[in-house]
Amino acid sequence: MVEGFGKGHHLHLIDGSAFIFRAYHALPPLTRRSDGLPIGAVAGFCNMLWKYIQDGNGSDAPTHAAVIFDHSAKTFRNDIYPLYKANRPELPEDLRPQFPLTREATRAFNIACIETEGYEADDIIATLSCQAREAGGRVTIISSDKDLMQLVGGGVEMLDPIKGKAIGPDEVREKFGVGPERVVDVQALAGDSVDNVPGAPGIGIKTAAQLIGEYGDLETLLARAEEIRQPKRRQTLIENAEQIRISKRLVQLDCATPLDFGFDTLSIREPEPGALLDFLTRMEFRTLTNRVAERFGAEAPPPPEAAPAQAEGAELPAIERSLYTIIRDEEALAEWLAEIAEKGVVAIDTETTGLDEMQAELVGVSLCTGPGRAAYLPLGHVDGAADLFGSGARAAGQMPMARALEMLKPVLEDAAVLKIGQNIKYDWKILARHGIRMAPIDDTMLLSYALNAGAHNHGMDELAREYLGHDCVPIKALIGSGKAQIGFAQVAIDKAGEYAAEDAEVTWRLWHHFRPKLAPNRVTTAYERLERPMVPVLAAMEMAGVRIDAEHLKRMSNAFAQKMAGLEDEIHGLAGESFNPGSPKQLGEILFDKMGLTGGKQGKTGAYSTSADVLEDLAAEGHDLPARVLDWRQLSKLKSTYTDALPTFVNPETGRVHTSYSIAGAQTGRLASTDPNLQNIPVRTEEGRRIREAFIAAPGMRLVSLDYSQIELRILAHVAAIPALKQAFREGIDIHAMTASQMFGVPVEGMDPMIRRRAKAINFGVIYGISGFGLARNLRIPRSEAQAFIDTYFERFPEIRAYMDSTVADAKENGFVRTLFGRRIMTPGINQSGPAAGGARRAAINAPIQGAAADIIRRAMIRMPEAISGLPATMLLQVHDELVFEVEEGAVDDLIAAARAVMEGAADPAVHLDVPLVVEAGQGASWAEAH
DNA sequence: CTCGTCACG
DNA sequence: GACGTACGTGACGAGT
């Protein structure tokens with residue numbers, strides 16, 4: 001018996017979670033202007049609710065309505081089958097904090113808002129539908145989720161809100177091949193890869209519907225499975241009977257969800273204008289607020305003060321270190337955590353024993369919730385001074401690390417609490433090693449980078465000085481420098497606390513400064529889509545590391561040492577004296593003073609240049625000494641930078657090499673790799689390429705390398721709109737040969753390789769902001785000839801000059817350039833005069849091209865984890881236009897297909913390129929084989 | 001700590 | 001007409 005609901009009544013059930021996801025994906029990542037809170041999904045959600053209310057449905061208007069939400073990820077279905085929904089992709093981190101706000105929005109619209117712990121929205125919808133149907137009323141479920149189709153019939157129908165199409169029994173039959181009452185049987189057999197419902201392998205919806213049609217229902221089918229004629233089908237049904245029954249329990253909606261409210265609470269109510277307007281104003285939805293105000297004839301509350309101008313003026317009090325507290329026990333920590341949960345935002349900084357996130361030990365955590373509200377939680381301090389050898393005695397006044405981390409974890413993983421860091425990838429990795437996956441996150445370094453790449457670097461001390469007028473305590477004041485340097489763990493807790501908590505407060509203040517500047521500077525999308533999501537992706541790659549064959553490298557080192565010793569003897573013999581061939585100074589004096597060779601150019605320091613091209617010219621004239629030195633240098637480089645150095649980077653715990661990528665290191669959006677740099681492993685010479693043989697896959701695995709072909713030239717073709725270039729890329733013809741053919745009027749067939757080489761050099765030169773001088777040097781031709789090539793090139797492809805001129809003009813006018821994807825790169829010095837202007841000009845021309853290529857591979861990397869989540873594969877390395885994976889032998893082809901699809905489609909849907917992106921793939925036991 | 005050099009894209 | 005230049009990085013050894 002249902003109180004207050006029966007014949008003539010009409011209940012609308014809105015699938016709230018589906019609304020949120022649709023809103024999230026349909027809209028760009030909007031943020032609240034005043035504080036940068038992600039708000040796009042809430043905005044879309046509110047617009048949909050408002051539209052829904054305005055529609056009214058005329059004579060078919062509902063008498064009752066409710067919005068139903070999923071409560072939590074874990075439901076009773078996980079008890080039945082632990083893997084249920086296990087392969088769901090992670091929620092986008094800027095979406096989670098919006099969940100509570102969508103509940104608030106629903107209430108503000110005065111619509112019943114329902115969720116129940118342990119049950120999915122679908123179960124609540126099922127229960128309400130069943131009860132309403134039994135009471136003799138009608139139900140419309142506003143959702144397009146096929147899982148709800150089992151409820152259709154007997155007064156219950158669905159409404160697809162996107163298509164505006166009603167879904168009745170006929171539409172269900174069209175989709176599943178059976179009536180609503182047998183939908184669960186079909187779903188149980190077919191399974192569902194999205195929810196990870198196993199079903200019967202090899203049986204899809206079509207076959208399932210046919211079987212159910214033939215046998216009537218699932219139990220009958222399973223009981224009579226022996227009768228099935230097709231041997232494969234028969235076998236799969238018999239073998240998987242239990243799994244199919246479990247699947248049925250997973251897809252069967254629960255019509256007996258406990259509900260703690262009556263139908264009367266669902267009756268339709270007009271929104272309360274005051275409450276609704278208050279909510280919309282707080283969210284800073286101007287258009288919708290005005291619309292709603294107009295509809296109710298109410299006055300729209302004044303919008304909140306335009307933050308930026310005010311914030312500049314309303315200065316925060318100066319940083320005062322004496323306000324900080326040290327958290328020494330559970331009670332104090334609990335209080336801080338409660339405050340953090342309430343504020344929803346915390347700046348965090350971890351202190352460790354070292355700079356290598358893969359080895360450093362956690363020493364303390366500092367937290368800041370606002371100006372003057374910062375604390376330091378010491379966890380791993382030791383009594384430093386006590387004695388030299390027995391050090392490591394734990395300092396007094398610290399709570400146990402395990403307990404502290406246990407208390408921190410829920411807050412650091414709480415979707416409703418934003419964690420702010422300065423270079424937060426570092427802290428993320430430290431905490432990840434303690435089982436904490438911090439989310440959602442913001443990073444002041446990346447905010448600064450999104451706003452001001454190219455203007456300056458983005459280190460904390462620099463940012464604090466520039467934007468807060470504050471000088472941070474230098475770390476050296478605590479730990480000293482050089483020989484006397486101590487570890488952070490040895491620093492006295494009180495001193496450490498001041499330093500650490502200050503860092504957290506500076507971070508909080510920088511966030512407060514930068515966050516509101518994203519939208520007015522139109523870099524919100526760049527930050528949200530190109531910077532912030534890189535943090536967990538890169539952290540995972542760095543933590544995975546790459547396996548190297550240290551023995552192979554050591555053998556190479558020995559061989560190099562022997563060869564070098566031989567060359568050194570030869571060089572000394574040729575010079576007639578002993579000297580260090582590694583010293584440019586000594587070498588220059590030998591070559592140009594002692595031996596009197598020509599071509600000695602002295603730079604500003606007065607030293608002769610002995611760079612490779614100088615030595616190559618001398619060698620070409622027939623001098624042996626410079627030729628030997630070139631050989632010696634190559635070996636010396638390979639040995640010191642690679643074969644000697646790489647084995648020292650092998651992590652003793654993982655046995656692998658873990659690089660670190662800096663996200664905000666390069667001006668253009670490229671990553672930079674350090675400690676060690678794995679983006680400059682040799683490849684151009686045969687000797688060097690052997691070093692790549694030492695980068696190997698684990699046993700049973702392969703390395704797979706995928707790289708973009710000619711990505712920068714393709715971008716140039718698109719942004720400069722060069723028809724000839726675009727057509728060539730679409731037709732897949734040799735782009736350098738095409739260029740040569742256009743320039744010199746020779747056919748592509750049987751082209752002189754020399755001519756092609758020149759065209760290739762020009763194509764690259766264009767990307768770099770070509771000059772006659774540069775091209776002349778690169779091709780070793782007279783400058784006049786080089787200039788003539790460039791002139792011809794611009795004649796044939798006039799769009800390139802137009803692109804270069806307009807880019808430089810933009811840079812001069814705005815002080816920055818942008819990539820296709822909205823990344824902004826500042827161009828300081830573009831308005832200078834004199835020699836420096838040339839460099840700034842070329843950098844401005846190059847930045848949108850190199851930057852767009854960087855954006856594209858970032859987009860691919862961000863999508864990659866989800867795209868390959870079903871494969872036994874890991875993304876390991878990025879080298880600007882190449883991604884390297886480690887994958888189980890049997891899954892190589894699947895990985896290549898999946899990763900290539902992501903990479904080739906990475907520009908979409910933000911930008912539709914006029915040229916295809918092409919990715920080439922290779923695989924092998926080593927990087928040398930894969931590349 | 002800066003410079004020259006050279007590895008990569 | 002001369003200036004100094006291809007764009008973007010990081011690591012190494014030498015020499016201050």
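The chains referred to below are lettered A, B, ... by the order of the sequence lines, with proteins before strands, and numbering in each begins at 1.
- The CD-C1' distance, from A/Gln832 to C/dC3, rounds to 14 Å in whole Å.
- Within the 4.0 angstrom heavy-atom criterion, no nucleotide atom of any strand lies near A/Glu882.
- Taking a 6.0 Å sphere around CZ of A/Arg818, one finds it holds more than 12 heavy atoms contributed by other residues, nucleotides or ligands.
- Legend: residues meeting salt bridge (Lys or Arg N to Asp or Glu O under 4.0 Å) with A/Arg690, ordered by chain and number and at least two apart, are A/Glu693.
- A distance of 6.0 Å or more separates the ring centres of A/Tyr793 and A/Phe789.
- For residues 800-827 of chain A, proximity to DNA chain B is found at no residue, defined as any non-hydrogen atom under 4.0 angstrom from a strand atom.
- Note on A/Gly765: a base of the nucleic acid sits closer than 4.0 angstrom, heavy atoms only.
- Using a 4.0 Å heavy-atom cutoff across all strands shown, A/Arg783 reaches at least one base atom of the nucleic acid.
- Using a 4.0 Å cut-off, some side-chain N or O of A/Asn580 falls inside it from OP1 or OP2 of C/dA14.
- Checking A/Gln787 against A/Asp791 by side-chain atom types alone, a donor-acceptor pair falls below 3.5 Å.
- Counting to the nearest Å, the P atom of B/dG9 and the CG atom of A/Asn763 are 18 Å from each other.
- Distances from the side chain of A/Thr668 to the nucleotides B/dG9, C/dG10, C/dG8 place C/dG8 closest.
- For A/Arg684, no side-chain nitrogen or oxygen approaches OP1 or OP2 of B/dC6 to under 4.0 Å.
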Yes or no on side-chain contact (heavy atoms from CB on, under 4.5 Å) for A/Glu542 and A/Lys425, after CA distance, side-chain angles and deciding distance? CA-CA 10 Å; A/Glu542 294 167 14; A/Lys425 176 159 65 65; 2.7 Å; yes

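- Rounded to a whole Å, the CD1 atom of A/Ile849 is 9 Å from the C1' atom of C/dC7.
- A/Ile767 comes within 4.0 angstrom of no nucleic acid atom, judged by non-hydrogen atoms across all strands.
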Criterion side-chain contact (heavy atoms from CB on, under 4.5 Å) on A/Asp675 and A/Asp356, from CA distance to verdict: CA-CA 9 Å; A/Asp675 309 301; A/Asp356 175 0; over 6 Å; no

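- Counting only heavy atoms from C-beta outward, the side chains of A/Ile781 and A/Arg758 approach each other to under 4.5 Å.
- Atom-to-atom, CG of A/Leu553 to P of B/dA7 comes out at 17 Å; the value is rounded to the nearest Å.
- If you check every strand for non-hydrogen atoms under 4.0 Å, A/Asp881 touches sugar and phosphate atoms only.
- Among the atoms of the strands shown, only primed sugar atoms or phosphate atoms (P, OP1, OP2) are found under 4.0 Å from some heavy atom of A/Gln667.
- Every residue was checked against the salt bridge (Lys or Arg N to Asp or Glu O under 4.0 Å) condition with A/Glu462, not counting sequence neighbours, and none meets it.
- If you check residues 636-648 of chain A against DNA chain C, the residues with a heavy atom closer than 4.0 Å are A/Lys637, A/Ser640, A/Thr641, A/Ala645, listed by number.
- Close to C/dA11, at under 4.0 Å from its OP1 or OP2, lies no side-chain N or O of A/Gln679.
- In summary, the side chains of A/Arg633 and A/Thr610 do present a donor paired with an acceptor at a separation below 3.5 Å, with no hydrogens or angles considered.
- Among the atoms of the strands shown, base atoms are found under 4.0 Å from some heavy atom of A/Ala761.
- Under a 4.0 Å N-O distance rule, the pair A/Glu712/A/Arg670 qualifies as a salt bridge.
- Separating the CD atom of A/Gln586 from the P atom of B/dG4 is a distance of 16 Å, rounded to the nearest angstrom.
- For A/Ser771 and A/Ala843, each mapped to the nucleotide of DNA chain C holding its nearest heavy atom, the one lying further toward the 5' end belongs to A/Ser771.
- OP1 or OP2 of B/dC6 has at least one side-chain nitrogen or oxygen of A/Arg633 nearer than 4.0 Å.
- Atom P of B/dT5 sits at a distance of 13 Å from the matching atom of C/dT5, rounded to the whole Å.
- At whole-Å resolution of the value, OH in A/Tyr661 and C1' in C/dG10 are 13 Å apart.
- What separates CG of A/Leu587 from P of B/dG4 is a distance of 14 Å, to the nearest Å.
- Nearest to the side chain of A/Phe773, among C/dG15, B/dC6, C/dT5, sits C/dT5.
- Among B/dT5, B/dC8, C/dC7, the nucleotide with an atom closest to any side-chain atom of A/Pro682 is B/dC8.
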With Watson-Crick and G-U wobble geometry limited to distances under 3.5 Å, how should the secondary structure of DNA chain C be encoded in dot-bracket form, using | for bases paired to another strand and [ ] for crossing pairs? ......|||||||||.

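- Between C/dG15 and A/Ser583, a contact under 4.0 Å exists linking OP1 or OP2 to a side-chain N or O.
- Taking the salt bridge (Lys or Arg N to Asp or Glu O under 4.0 Å) definition, one finds that A/Glu616 meets it with A/Arg780, sequence neighbours left out.
- One finds no side-chain N or O of A/Ser673 lying less than 4.0 angstrom from the OP1 or OP2 phosphate oxygen of B/dC8.
- Among the protein residues, A/Ile845 comes within range of no part of the nucleic acid, since none of its heavy atoms lies under 4.0 Å from any strand.
- Here C/dG10 is the nucleotide among B/dT5, C/dC7, C/dG10 with the atom lying nearest to any side-chain atom of A/Ser662.
- Using a 4.0 Å heavy-atom distance criterion, A/Asn677 is classed as a sugar-phosphate-only contact.
- If you take atom P in C/dA6 and the same atom in B/dC6, they sit 14 Å apart, rounded to whole Å.
- A perpendicular orientation is assigned to the rings of A/Trp927 and A/Phe695, their planes being inclined by more than 60° (bins at 30° and 60°).
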Give the C-alpha distance, both sets of side-chain angles, the deciding distance and a yes or no for side-chain contact (heavy atoms from CB on, under 4.5 Å) between A/Leu678 and A/Leu876. CA-CA 11 Å; A/Leu678 296 185; A/Leu876 302 183; over 6 Å; no

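- At whole-Å resolution of the value, NE2 in A/His880 and C1' in B/dA7 are 11 Å apart.
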Please assess A/Asp443 against A/Tyr449 for the test side chain to side chain donor-acceptor pair (under 3.5 Å), listing each intermediate value before the final yes or no. CA-CA 10 Å; A/Asp443 190 331; A/Tyr449 186 61; over 6 Å; no

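- Under a 4.0 Å N-O distance rule, the pair A/Arg547/A/Glu886 does not qualify as a salt bridge.
- Contact between the side-chain N/O atoms of A/Arg842 and the OP1/OP2 oxygens of C/dC7 is found at a separation under 4.0 Å.
- At the heavy-atom level, A/Ala612 lies under 4.0 Å from the strands shown only through sugar-phosphate atoms.
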